[in-house]
Amino acid sequence: MRIDIISAVPELLKGPLDHSIVGRARKSKKVEIVVHDLRSHTTDKHGKVDDYPFGGGAGLVMTPQPVFDCIGSLKKERSYDAVIFPTPDAPVLDQQTVNKLSLLGNIIILCGHYKGIDQRIRDELITLEVSIGDYVLSGGELPAMILVDSMVRLLPGVLGDAESALDDSHQDGLLSAPVYTRPAKFRGLNVPAVLTSGNHEKVRLWREEKALQRTREIRPDLYRKIINKSN
Ligand code: ADE
């Protein structure tokens, strides 16, 4: 997979892309991630990539020219399966969408900034819009990193067996069961006995029950979906 990220504040992307699982996946060539500074594509002599909204209103809007030029030059090099724009006015990202996206070859992620981006960019260039939740951030860089992290951890060979994504919360529509590690007794708090029993079937059943219980308590919306599916 190759991911091209376009941003007017590329410095914001450095930490999350260079460390931990995403950083390791890049080093071992499981994913290629290239960051493009939008400012280097503007023809504005002051380096501007934003302007006042027509019709008035607060905030600045990202102008079309640098974005069209940047995406145009990338498309000359290779074809892209998706051009994604993280934005709060879009369907909320879920695990199923992430699973599908992780199977794509080349994608572009455009990080918006300021108050929004010129609608013509969305109409002409963007193929998928995703929100990371019903709240507003100052820019698309953090949502882009969330998208990248959630996809990259699913790529073949990125997670070891011990870190397998298969039993992640949300992979089967349920939240995960609680997990514990050594010591078995800590400040008088004991790990549930079943987990140290060595009985794999009992452990499996316990986890299944806890996952259902947690989902019912914390995310009744997800629980109802699971129950409706099984009926
Ligand atoms: N940009 C600003 N807020 C966002 C959100 N909630 N999701 C995706 N992109 C955003």
Side-chain angles (χ1 to χ4, degrees), residues 1 3 16-17 19-25 30-31 81-82 84-104 107 109 128-137 140-231:
M1 174 178 246
I3 308 173
L17 291 181
H19 301 281
S20 190
I21 287 171
V22 174
R24 284 207 308 267
K30 306 263 176 1
V31 64
D81 303 308
I84 307 174
F85 175 51
T87 177
D89 52 349
V92 175
L93 187 68
D94 61 12
Q95 190 63 48
Q96 265 184 329
T97 308
V98 171
N99 291 351
K100 281 188 206 147
L101 291 174
S102 73
L103 301 174
L104 300 180
I107 66 173
I109 304 177
L128 178 70
E129 300 188 336
V130 291
S131 166
I132 57 152
D134 293 335
Y135 46 87
V136 177
L137 301 170
E141 280 76 13
L142 294 176
M145 292 302 89
I146 285 169
L147 198 52
V148 166
D149 188 293
S150 63
M151 291 186 296
V152 168
R153 64 197 303 285
L154 300 181
L155 299 178
V158 167
L159 296 185
D161 279 349
E163 306 166 305
S164 167
L166 283 178
D167 49 45
D168 280 346
S169 275
H170 296 292
Q171 263 316 351
D172 54 3
L174 290 173
L175 306 187
S176 297
V179 291
Y180 297 85
T181 186
R182 275 186 276 256
K185 188 172 180 149
F186 175 71
R187 297 190 179 177
L189 305 167
N190 292 329
V191 167
V194 60
L195 295 180
T196 52
S197 69
N199 184 326
H200 297 301
E201 182 56 11
K202 272 195 181 158
V203 170
R204 191 186 65 75
L205 288 171
W206 181 87
R207 287 191 171 140
E208 202 173 278
E209 185 194 313
K210 288 288 172 195
L212 275 167
Q213 186 188 333
R214 266 186 146 184
T215 309
R216 192 177 62 226
E217 285 168 13
I218 301 169
R219 291 291 303 272
D221 54 322
L222 295 181
Y223 185 74
R224 272 194 299 276
K225 266 194 209 162
I226 287 285
I227 295 300
N228 289 339
K229 234 197 242 167
S230 61
N231 284 337

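One is the number of the first residue; the rest follow in order along the sequence. All values below were derived from every heavy atom in this structure, side-chain atoms included, with hydrogens, water molecules and symmetry-related copies excluded.
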- Task: For residues 221-231, pull every pair meeting side chain to side chain donor-acceptor pair (under 3.5 Å), keeping only residues two or more places apart or in separate chains.
- Result: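 Checked against side chain to side chain donor-acceptor pair (under 3.5 Å) - neighbours excluded - the pairs reaching residues 221-231 are Arg219-Asp221.
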
- Applying side chain to side chain donor-acceptor pair (under 3.5 Å), which residue pairs with at least one partner in residues 85-98 are found, sequence neighbours left out?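 Qualifying pairs: Thr87-Asp89, Asp89-Arg122, Asp94-Thr97, Gln95-Asn99.
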
Note, [X] side chain near [Y] side chain (heavy atom, < 4.5 Å):
X      : Y      : value
Trp206 : Pro178 : yes
Val31  : Val158 : no
His170 : Leu222 : yes

- Message: Tell me which pairs pass salt bridge (charged side-chain N to carboxylate O under 4.0 Å, His left out) where either residue lies in residues 182-202, with sequence neighbours left out.
- Response: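 Listed once each, the pairs are Glu201-Arg204.
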
Could you list the donor-acceptor pairs under 3.5 angstrom formed between side-chain atoms of residues 189-196 and any protein atom two or more places apart in sequence or on another chain?
unit_1	atom_1	unit_2	atom_2	d
Thr196	OG1	Ala193	O	3.0

Please list every donor-acceptor pair under 3.5 Å in which a side-chain atom of residues 147-154 meets a protein atom from a residue at least two apart or in another chain.
unit_1	atom_1	unit_2	atom_2	d
Ser150	OG	Ile146	O	3.1
Ser150	OG	Leu147	O	2.9
Arg153	NH1	Asp168	OD2	2.4

Contacts table for residues 210-217: side-chain donor-acceptor under 3.5 angstrom, sequence neighbours left out:
unit_1	atom_1	unit_2	atom_2	d
Arg214	NH1	Ser176	O	2.7
Thr215	OG1	Leu175	N	3.0
Thr215	OG1	Ala211	O	2.6

- Could you pull out all residues at least two apart from Lys100 that satisfy side-chain contact (heavy atoms from CB on, under 4.5 Å)?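 Lys100: no side-chain contact (heavy atoms from CB on, under 4.5 Å) contacts found.
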
- Report the residues that fulfil side-chain contact (heavy atoms from CB on, under 4.5 Å) with Leu103, sequence neighbours left out, ordered by chain and then residue number.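 Leu103: no side-chain contact (heavy atoms from CB on, under 4.5 Å) contacts found.
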
- Query: Roughly how far, to the nearest 0.5 Å, is the CG atom of Leu101 from the CG atom of Leu93?
  - Reply: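 Output value for this atom pair is 7.0 Å.
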
- Message: I need the Ile84 CD1 to Ile107 CD1 distance, nearest 0.5 Å.
- Response: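 Reported to 0.5 Å precision, the distance equals 4.0 Å.
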
- Task: Would you please test Ile132 and Leu137 for side-chain contact (heavy atoms from CB on, under 4.5 Å) and show each step?
- Result: CA-CA 10 Å; Ile132 57 152; Leu137 301 170; 3.7 Å; yes

